Amino acid sequence: MSDNQPAEAKVQRLKQVSPIWIVPLVALAIGIWMFVQYLNSQGPVITIRLPNASGIEVGKTAIKSLNVKVGVVTKVQLSKDYSYITVTAQMNNDTGRMLKNDTLFWVVKPRIGKGGVSGLDTLLSGSYIEMQPGEGKKDKNHFVALDVPPVAPADAKGLRVILTSRQAGKLGVGDPVLYDGFTVGRVEKVSFDINSKRANYQLFIFEPYDSLVRTSSNFILASGVKVQVGAEGFNVKIGSLESLITGGVTFTTPADDQGTPQLKQKAYYRLYDTRAAVREKMFEQHLDFVMLFSESIRGLKAGAPIEYRGIQIGTVQKVPLRLPTSQEGFTSKQIPVLVRIDLGRVYDRSDEGTLASLKVNLEKEFKQGLRATLKTGNLLTGALYVGTDVYKAEKPVKVMTYDGYEIFPTKPGDLAEVQKQLTNLLNKFNKLPVEDTLNSMTATLKASEKTMATMQKTINDLDRLLKQKDTQALPGDVRASLKQIQTTLNGFGPDAAPYQNLEGALTRFEAVMTELQPVLRQINEKPNSLVFGDEKTKDPVPVGGRK
């Protein structure tokens, strides 16, 4: 190669990043940062079970706590069996501490309930889901919404008690809890225990009224108006204005209470229907007897008192104890009634006697003439009660049993005796020859009319005789005698007062006897119509006998 020849250039490709790529890289970094910030700003996702989706809208329905928005509904879907809906909600970042196992949710919408009107602000803004934060230790993301707002928050200060009853429907959520007519709490929850077959009513009693609840307190239904009709007559009670509208429950503590304040949460109490049922709880020790009555027991109801000279010693339990068997039919003349004699009613103090001693004393009294009778407690309603007394003329009876129960001796009551006497009197009256007497009087009246007609003819003849000239020529004494005879005969004529009085009396007597015939016939057919009237009401038909 010569020195004058030019050198060959070497080309080398340089690797270099263009500055233009800086812009998308920065944008990508910003996007990643914003996505991370978005994820960090989002709270947990929860699901809420609702009975229906009324008022719920995706992306619009908010979840609030104390009127602060803490989430929003993002999805609504039906369950597989279409029995409920599931709402999915996106919560805010700081709501994780609120979602515990005791957190509560419910839908806020216009409501008109026992506690008043609520949710009116949702008429314009729409429904929303209210959240009550929980205080539990376990986190939870799946919830079941309440049908109605809770009476009190889970952390509210007060006392919760549970009332049990054999019947459901006695109370409703929101019903007031009263003490001496003042509202101190509310019914919080209603449920039914399938195992025990009892209804449970959970009450919340606000502080400081919770200190009024004792271990010996009694809870009683507080209906607005209560009307009782019994042997004692009418009994009307009116509660508070709120209980008059919605009902409720009241609780009392015995005056001689020796119990302690109830400190245990959700302690169980029995729910009584009436105050009388509370008093009956005091007479748990009793003897059961059967009373056999030969007269009608219509008007005798379960719960009627058994009294000894006006003092209650027991209660009627079942009327009748049983119906006649197919072998007995209706040939049995006595109707069995199950009764109870309470130990606490006979003896003021429980240490004065036992059931065994009470039974021995009653058996002695039976031999001395202690008997039970049906008595009328109320003439207006026809209610009956059982009265007991000692009748010295009664013969001693042996101790007998009926269907496993000892028999309490009975005797016909006063009403039965009155009916019996009326029946005997009417039978005697019916045996009187009333129709023969009326016929005889009618015949006598007709004979008297004939006699009067004859006397009238004699008077007319005598009058003509006195007017004759020959008679005028008779001495004065004879004429005076004839006039006296005429005057006497005129006194027995049809126009005379004695005749008219006799005829009027006989006519009135005959009219009275004619009007008296229907009354006598009615009394003869139904003697007790003098007391209870002639209302023809059908006897009640047992439910078990209807087909």
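Here, residue 1 is the first one in the sequence, and each next residue gets the next number. Nothing here was measured: the structure is a model prediction, and the numbers come from that model.
In this structure, Asp180 CG and Phe251 CZ are separated by 8.5 Å, a value rounded to the nearest 0.5 Å. To the nearest 0.5 Å, the span separating CG on Leu104 from CD on Glu130 amounts to 10.5 Å. Here the CG-NZ distance, from Leu146 to Lys189, works out to 8.5 Å after rounding to the nearest 0.5 Å.
A donor-acceptor contact shorter than 3.5 Å links the side chain of Gln265 to the backbone of Gly158.
Counting non-hydrogen atoms of neighbouring residues, nucleotides and ligands closer than 6.0 angstrom, the OH atom of Tyr269 exceeds 12 such neighbours. Counted within 6.0 Å of CD1 on Ile194, heavy atoms from surrounding residues, nucleotides or ligands total 12 or fewer; the atom is thus considered open. Residue-environment remark: CD1 (Ile311) stays at or below the threshold of 12 foreign heavy atoms within 6.0 Å. Other residues, nucleotides and ligands contribute more than 12 heavy atoms inside 6.0 Å of the NZ atom of Lys100. Atom OH of Tyr82 has 12 or fewer heavy atoms from other residues, nucleotides or ligands within 6.0 Å.
Of all heavy-atom pairs spanning Pro44 and Leu99, the tightest one is CG-CD1, 3.5 Å. In terms of heavy atoms, Val386 sits closest to Met291 at CG1-SD, 3.6 Å. Of all the heavy atoms in His286 and Asp342, the pair that sits closest is CB-OD1, 3.4 Å.
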Pair Val161, Leu159 - check side-chain contact (heavy atoms from CB on, under 4.5 Å), show working. CA-CA 7 Å; Val161 298; Leu159 179 68; 3.9 Å; yes

Derivation and outcome, salt bridge (Lys or Arg N to Asp or Glu O under 4.0 Å), residues Asp102 and Lys140: CA-CA 9 Å; Asp102 57 348; Lys140 188 176 180 181; over 6 Å; no

For Gln202 and Glu188, what are the C-alpha separation, side-chain angles and deciding distance, and is it a side-chain hydrogen bond (donor to acceptor under 3.5 Å, both in side chains)? CA-CA 5 Å; Gln202 181 173 308; Glu188 193 174 40; 2.7 Å; yes

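Remark: Asp210 does not engage Lys157 in a salt bridge, criterion side-chain N to carboxylate O under 4.0 Å.
Under the 6.0 Å cut-off for aromatic ring centres, Tyr201 and Phe219 do not qualify, their centroids lying 6.0 Å or more apart.
Cation-pi check for Lys375 over Tyr385 is not met; the charged atom does not lie both under 6.0 angstrom from the ring centroid and within 45 degrees of its normal. A cation-pi arrangement is present between Arg49 and Tyr84, with the terminal nitrogen or guanidinium carbon under 6.0 Å from the aromatic centre and inside a 45° cone about the axis.
A donor atom on one side chain and an acceptor atom on the other are found under 3.5 Å apart for Arg322 and Tyr402.
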